[in-house]
Amino acid sequence: MTDQQRVGLTRRSGYPVDTMPFVDALAAGGTDFRNAYTAAPACVPARTSLLTGRFPSAHRVRQNSNAQYAYYEQDLLDVLRAADYQLHFAGKPHMHRGPADFDTYAGPYFHTRGPERCPEEKAFDEWLERLDHGVADEPTPYDVTTQLPYRITSDALRAVHDADPERPGLFWVSYPEPHNPYQVPRPYFDLVAPEDVPDRMTGPEATNIKQGNYAWLRKLQEDKRPGYDDNWRRYTANYLGMLRLLDDQISRLHEGLAQRTRPRLTIVLADHGDYVGEYGLQRKGAGLSEFLMRIPLIVSGDGVSVQERDEPVSIVDVLPTICEAVGQPIPDGVQGRSLLPLAYGEPAPESEFGNIIAEQGYGGRAYDVTARPPLHFSYDGPTFDELNTVTQSGAARMLRSGQWKLVVHADLPGELYDLDTDPAELVNLFDDDRHLAVRAHLLHELTRWQARLTDDLPNGNYTPLRLPHNWRWAPEGEAP
């Protein structure tokens, strides 16, 4: 698992820089879900959705600061414990589970610090802190072995070596990169020169079109760090180098695994994306754009077909997929659907996989673009968090269906985009009379999803009717 990895920046996906050759090879040898979405564009809500198979409005974790309030019956660890799996974790947690819940736990690693086992690692972590989540203009002055992905991979391989070979196991390796701060040592720093970075779709002028949280965040960043966007090509080059560094460590992880065991199922995914310069923004924080919402999702292993799947799927689908793979029942309250039949090459019912929903916002009214409420950091100085009281305010839901993208807010105008002609989502067709039928259809589908996601926990006396794979619609010819 990676953190803040934007889709579309690998050669397999059509990008001109070869950033992740090993992961591309994994995708080419398994099922590549090309339209996978996060449940929410923030770390903790997304990771809670991964663990629980529930959307944020159901598991109740809608911001990064309240993981401890996750609401569910059983999560991924409960399911695998019931199947007598040993549980091993290495890396960044950002979740409601902790060290006591695993057989081995290497961490926590976050974006600027991890367990330090030598002076060089300590010095590197202190250097990371001084970057203040910014962009390094020079190669990182520390060896790759001090980088967090290298240390996490080493920890994971120690767990693999010490694991009980007679019991099945989960090895969850969670990398904090390519999340900010944006830095890499050579040779990754030189993967692509800034002047050779491919052009972006949009620049800072796009925030004048998007307005709302986009414009507010853009102003905050410029107030904090004037000229913030001028260095976007160096930032992007660092980001691409971070992808290649990650790829090398994922390759190293798999090579080490192969010396001890053969994974029955391998899943590669991220929690959410990164603007990577689009709209003149870095990191994440505003809106439900495709740059933030789409995630890589690759499944390989026993019985998995070599294929590309275009159905829109979600991070919430991972838990029920693993349930089916290990022969455990899908827990009550799970809203995701098993993707195992799709990974095995079976057809997907259009009624079940024709569209997907995602969420953003912690509630309350959405703040105005001129708002300056108290934040959890000062308005003075260069330090800021793009996830804050303003950018995460209100409540929004998106629906992706084919070429169309619908966004509905609790108290703001609606949005409708044709992603085929407008991939940056700058031409809002919501009030265009020529698209009334499309809007009506998507609003109906969104309403059906909202009804579907009404939480059925806590359990009562009634027994819900569940179809195989936790699908709402039975495959053709298959009775409930």
Side-chain angles (χ1 to χ4, degrees), residues 2-9 15 17 19 38 41-43 46 64 110-112 128-138 140 175-184 188-189 191-192 194-195 197-210 212-243 245-246 270-295 360 375 377 379 381-388 390-392 424-426:
T2 59
D3 189 337
Q4 207 162 288
Q5 181 183 341
R6 177 172 147 188
V7 165
L9 300 183
Y15 199 68
V17 183
T19 54
T38 187
C43 297
N64 275 357
F110 285 99
H111 304 295
T112 59
L128 277 181
E129 289 278 4
R130 291 194 294 273
L131 274 180
D132 196 15
H133 287 280
V135 180
D137 294 327
E138 301 290 339
T140 304
Y175 296 109
E177 284 77 8
H179 191 287
N180 43 286
Y182 302 104
Q183 56 75 39
V184 276
Y188 305 103
F189 186 83
L191 178 68
V192 57
E195 59 269 22
V197 166
D199 289 339
R200 54 189 176 181
M201 293 186 199
T202 67
E205 70 283 350
T207 59
N208 297 324
I209 299 171
K210 299 295 284 184
N213 288 343
Y214 291 86
W216 187 93
L217 183 57
R218 169 72 184 160
K219 183 178 186 305
L220 176 76
Q221 293 177 345
E222 279 298 325
D223 288 347
K224 289 281 190 177
R225 300 178 182 185
Y228 186 87
D229 186 58
D230 296 344
N231 205 27
W232 79 268
R233 289 186 182 273
R234 178 71 267 167
Y235 144 61
T236 303
N238 286 7
Y239 187 93
L240 300 174
M242 292 167 78
L243 291 178
L245 186 152
L246 276 168
D271 54 0
H272 55 77
D274 187 306
Y275 296 119
V276 192
E278 302 295 346
Y279 312 120
L281 298 173
Q282 300 173 17
R283 313 184 191 179
K284 53 188 179 294
L288 291 157
S289 77
E290 296 289 283
F291 306 120
L292 301 185
M293 301 309 295
R294 288 183 60 204
I295 59 172
Q360 186 190 37
L375 304 175
F377 55 90
Y379 282 99
T383 300
F384 71 94
D385 185 346
E386 69 277 12
L387 301 179
N388 56 62
V390 175
T391 65
Q392 303 303 289
E425 303 166 50
L426 297 178

> Yes or no on side chain to side chain contact (heavy atoms under 4.5 Å, CB included) for Val276 and Tyr235, after CA distance, side-chain angles and deciding distance?
Replying inline: CA-CA 8 Å; Val276 192; Tyr235 144 61; 4.1 Å; yes
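- Under a 3.5 Å cut-off, the side chain of Arg234 and the backbone N or O of Asp137 do not form any donor-acceptor pair.
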> Yes or no on side chain to side chain contact (heavy atoms under 4.5 Å, CB included) for Leu281 and Phe291, after CA distance, side-chain angles and deciding distance?
Replying inline: CA-CA 11 Å; Leu281 298 173; Phe291 306 120; over 6 Å; no
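- With values rounded to the nearest 0.5 angstrom, Glu278 atom CD is found 12.5 Å from Thr207 atom OG1.
- How far CG of Asn388 is from CG of Leu375: 5.5 Å, rounded to the nearest 0.5 Å.
- For Gln4 (side chain) and Glu177 (main-chain N/O), no donor-acceptor pair under 3.5 Å exists by modelled atom type.
- For the pair His111 (side chain) and Pro176 (backbone), a donor-acceptor distance under 3.5 Å is present.
- Between the CD atom of Glu425 and the OH atom of Tyr279 there is a distance of 5.0 Å, given to the nearest 0.5 Å.
- The structure places CG of Asp271 at 10.0 Å from CD of Gln5, a figure rounded to the nearest 0.5 Å.
- Here Glu386 pairs with Lys284 in a salt bridge; the nearest charged N to carboxylate O distance falls below 4.0 Å.
- No donor-acceptor distance shorter than 3.5 angstrom exists from the side chain of Arg233 to the backbone of Glu195, with no hydrogens or angles considered.
- For Thr140 and Gln183, the side-chain atoms include at least one donor-acceptor pair closer than 3.5 Å.
- In summary, the side chains of Asp274 and Asn180 do not present any donor paired with an acceptor at a separation below 3.5 Å, with no hydrogens or angles considered.
- Scored by the side chain to side chain contact (heavy atoms under 4.5 Å, CB included) test, Pro204 finds Arg200, Arg218, Asp229 as partners (sequence neighbours excluded).
- Within the model, atoms CZ of Phe384 and CG of Asp132 stand 8.5 Å from one another, a figure rounded to the nearest 0.5 Å.
- Without hydrogens or angle criteria, Arg283 side chain to His133 main chain gives a donor-acceptor distance under 3.5 Å.
- Partners of Ala286 under the side chain to side chain contact (heavy atoms under 4.5 Å, CB included) rule, at least two apart in sequence or in another chain, are Asn213, Tyr214, Leu217, Tyr275.
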>> As a quick check of understanding, evaluate side chain to side chain contact (heavy atoms under 4.5 Å, CB included) for Leu288 and Met293, giving each step before the final call.
In response: CA-CA 6 Å; Leu288 291 157; Met293 301 309 295; 3.5 Å; yes
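- In this structure, the separation between CG on Leu245 and OH on Tyr188 is 4.5 Å, given to the nearest 0.5 Å.
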